[in-house]
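Here is the structure we will look at, set down as structure tokens.
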Amino acid sequence: MKKMALVLAAVLASGMVLTACGGSGNAAKETTGNQASTTTTTTTGGLDLAVQVGPDPETVDPALNTAIDASNIILHAFETLLTFDENNDIVPGQAESFDVSDDGLTYTFHLRDGLKWSDGSDFTAEDFVYSWKRLADPMTAAPYAADMLSMVKGYEEAAAGDIDALAVSAPDAKTLVVELASPCVYFDKIITHASMAPVKKDVVDANGDQWALAPETYISNGPLKMIEWVPGSHMTFAKNENYWNADKVTLNSLKFVLMEDSNAAYSAYQTGEVQMIKDIPTEEIPSLQDSPDYHLDPRLATSYTIFNTQKAPFDNAKVRMALSLAVDREYVANTLMIGTVAPATNFVGPGISDAEAGSSFEEVTRKNNGGDFFNVTDHDADVAKAKELLANAGYPDGAGFPTIEYMTNDAGYHKPLAEYLQSCWKEALGVNMDIKVVEWSTFTPTRRAGDFQVARNGWVYDYDDPSNMLNLMITGGGNNDGKYSNPDVDKMLNDANSTADVAEHYAKLHEAENMILADAAMAPIAYYNDFYLQDPKLKGTWHSPYGYWFFQYATMD
């Protein structure tokens, strides 16, 4: 056995350091809006903090959520087997260590002593067994199921309805055994994802889909527990006294103020109602960039435009490529978005590793291909290619091309980008476009249902492997909203994901990315950063490049 011990002391030390120091899309979500809010008494003596990381989530059920906003909430309430620290290193979560068999097919996780749910009941390895089988269950309809579990032995049978076929077992209360169908070189990264968090069986069984709608039933196992939810206003969490590391949690309460309007969020920040906001009015950014409150942090994410490939004329790759090439990515990044993002030159952006330690997938792509897919310094050449492609598709100078509709939500730069695309495609290609602005609460369900022609999209990495981005384009994938399908791409990605050879894994992913870009499966626009405002006196928090903020160890000077 290869021993993969993760040191508990690292987590404890980070908690002590953070305490000593202190002395805002992927996707949109909605709630049903009919749940009752309930308040319970919080503990005293800690910090009462209010933050804005997004509007009402569609769901805070770990298995059903696909939104980064809701993930920020979920990861404060729940804890996975392994998690990340402030340095973005994998550290123990509910498991204090794990072993991997020599063939890379069996993972054995050893849980901590004395784990509890927030209601004080015992937490065991069987809770992970139930939760992962629930994630795989087709009746759950979890968008992330295949992404997270397809490498686990028995997943195909589980996805077909035989959930007990999933090779996840608990030989005792503290041991979880996972058998893989094929090696997965990034499995330890996958299990940190919010969808892999455990949920409480008896609560879910008793309440069905309603379990995640009220504090009384939103039983969790992480540092915080829900105590109040007023839809359209706020969600409040309190310190979970039953969390294994509760002594290091410095918060008394954490209030997520639910706002979509960036002006409202900015006003709340200015008045001191909240101490951190993710959404800043774009017109305010130039005046804020030199302020100690303003932060611009890297995020492992790509913003892109998707086409509904099942609807004409977007079923034609030449049309998709023409629309993609017509976009001036350098202008979008550095003028329209005033340098808060970087122009996308490929699909997989900077910060993602390659086979060699310390290497960059993007840099290897550039070396292998003799340059980037999009040459952002010569936009005129791209426009000329776009005109030629559109003419070859049967629409010279846009003649005969139908008026198309672009769907977006009105947050951050999404609407200004839509207006730019409307102007860009009209001027460069003669294509007319209408803009459809949809409320955040319904945007993602509408897009997932395929009720669009062209739409904004974006993906924040769930783990440091390019497959996490490229797998979005697998036929039938739960997050493949454009319904793109290419059997050759599917084969390349499946081969990459099932090999134990790290070099082969990355080589095939490079080939897959080239195929996806050549097919214009989507149009990459920009590589994201997170820009936000935070009270300079607020210490002990950190921002993850996966787009999460962590507040459980926060203090205020």
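Nothing fancy with the numbering, it's 1 onward along the sequence.
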- Task: Sort and list the pairs that fulfil salt bridge (charged side-chain N to carboxylate O under 4.0 Å, His left out) and have at least one residue in residues 469-484, not counting sequence neighbours.
- Result: Arg447-Asp481
- Could you give me the CA-CA distance, side-chain angles and deciding distance for His543 and Tyr548, then say whether ring-ring contact (aromatic ring centres under 6.0 Å, His included) is met? CA-CA 6 Å; His543 171 268; Tyr548 306 133; 9.0 Å; no
- Task: Begin from the C-alpha positions of Val454 and Asn308 and carry the test side chain to side chain contact (heavy atoms under 4.5 Å, CB included) through to its verdict.
- Result: CA-CA 6 Å; Val454 188; Asn308 192 327; over 6 Å; no
- Query: Counting N and O atoms only, with roles assigned by atom type, does the side chain of Thr271 sit under 3.5 Å from a partner on the main chain of Ala268, one being a donor and the other an acceptor?
  - Reply: yes
- Message: Checking side-chain polar atoms at under 3.5 Å, does Asp56 have a donor or acceptor matched by the opposite partner on Ser441?
- Response: no
- Message: Quick check against the 3.5 Å criterion: does Ser233 have a side-chain atom that pairs as donor or acceptor with the backbone of Val230?
- Response: no
- Query: Backbone N or O of Thr83 within a donor-acceptor pair of the Thr192 side chain at under 3.5 Å?
  - Reply: no
- Item | With sequence neighbours excluded, residues passing salt bridge (Lys or Arg N to Asp or Glu O under 4.0 Å) with Asp519 | Arg320
- Could you check whether the rings of Phe401 and Phe314 sit parallel, tilted or perpendicular, using 30° and 60° as the cut-offs? perpendicular
- Look at the side chain of Gln275 and the backbone N and O of Ala50, then say whether any donor-acceptor pair between them is shorter than 3.5 Å. yes
- Task: Check Ala77 against Tyr218 and note the closest heavy-atom contact, atom names and distance.
- Result: CB-CE2, 4.1 Å
- Report yes or no: does Glu513 contribute a side-chain atom to a donor-acceptor pair with the main-chain N or O of Phe347 at less than 3.5 Å? yes
- Message: Apply ring-ring contact (aromatic ring centres under 6.0 Å, His included) to residues Phe84 and Tyr546 and explain how you reach the verdict.
- Response: CA-CA 10 Å; Phe84 286 100; Tyr546 297 105; 5.2 Å; yes
- Item | Counterpart residues, salt bridge (Lys or Arg N to Asp or Glu O under 4.0 Å), relative to Asp328 (two or more places apart) | none
- Does the Gln52 side chain pair with the main chain of Met276, one donor and one acceptor, at a distance under 3.5 Å? no
- Item | All salt bridge (Lys or Arg N to Asp or Glu O under 4.0 Å) counterparts of Glu362, not counting sequence neighbours | Arg366
- Message: If we ignore hydrogens and angles and just use 3.5 Å, is the side chain of Tyr269 paired with the main-chain N or O of Asp535 as donor and acceptor?
- Response: yes
- Message: For Phe443 versus Thr408, what's the shortest heavy-atom pair and its separation?
- Response: CE1-CA, 3.5 Å
- side-chain contact (heavy atoms from CB on, under 4.5 Å) involving Pro292 - partner list, sequence neighbours excluded: Pro536
- Task: Look only at the side chain of Gln422 and the backbone of Met433, and say whether a donor-acceptor pair between them is shorter than 3.5 Å.
- Result: yes
- Query: Do the ring planes of Trp542 and Phe550 sit parallel (below 30°), tilted (30 to 60°) or perpendicular (above 60°)?
  - Reply: parallel
- Item | Validation row: Phe256, His234 side chains within 4.5 angstrom (heavy atoms) | no
- Message: If I compare all heavy atoms of Asn409 with all of His414, which pair ends up nearest, and what's the gap?
- Response: O-CB, 3.1 Å
- Between Asn65 and Ser71, a side-chain donor and acceptor under 3.5 Å: yes
- Task: Could you tell me whether the side chain of Asp315 and the main chain of Thr309 form a donor-acceptor pair under 3.5 Å?
- Result: no
- Item | With His76, the ring-ring contact (aromatic ring centres under 6.0 Å, His included) member among Phe237, Tyr553, Phe551 | Phe551
- Task: Can you spot which of Thr377, Asn346, Thr365 makes a side-chain hydrogen bond (donor to acceptor under 3.5 Å, both in side chains) with Asp372?
- Result: Asn346
- Query: Looking only at heavy atoms, what is the nearest atom pair of Ala197 and Phe78, with distance?
  - Reply: CB-CB, 3.7 Å
- Do Asp147 and Asn471 meet the criterion of a side-chain donor-acceptor pair at a distance under 3.5 Å? no
- Query: Is a side-chain N or O of Lys539 found less than 3.5 angstrom from the main chain of Met556, in a donor-acceptor match?
  - Reply: no
- What do the steps show when you test Val489 against Leu493 for side chain to side chain contact (heavy atoms under 4.5 Å, CB included), and what is the final call? CA-CA 6 Å; Val489 169; Leu493 290 173; 3.7 Å; yes
- Between the side chains of Glu427 and Ser423, is a donor N or O closer than 3.5 angstrom to an acceptor N or O? yes
- Note on the structure: In short, ring-ring contact (aromatic ring centres under 6.0 Å, His included) pairs touching residues 361-381 with sequence neighbours left out are Phe361-His510
- Message: In terms of relative ring orientation, are Tyr532 and His295 parallel, tilted or perpendicular, with 30° and 60° separating the classes?
- Response: parallel
- Note on the structure: Shortest non-hydrogen pair, Lys189 vs Asp464, comes out as NZ-O, 2.9 Å
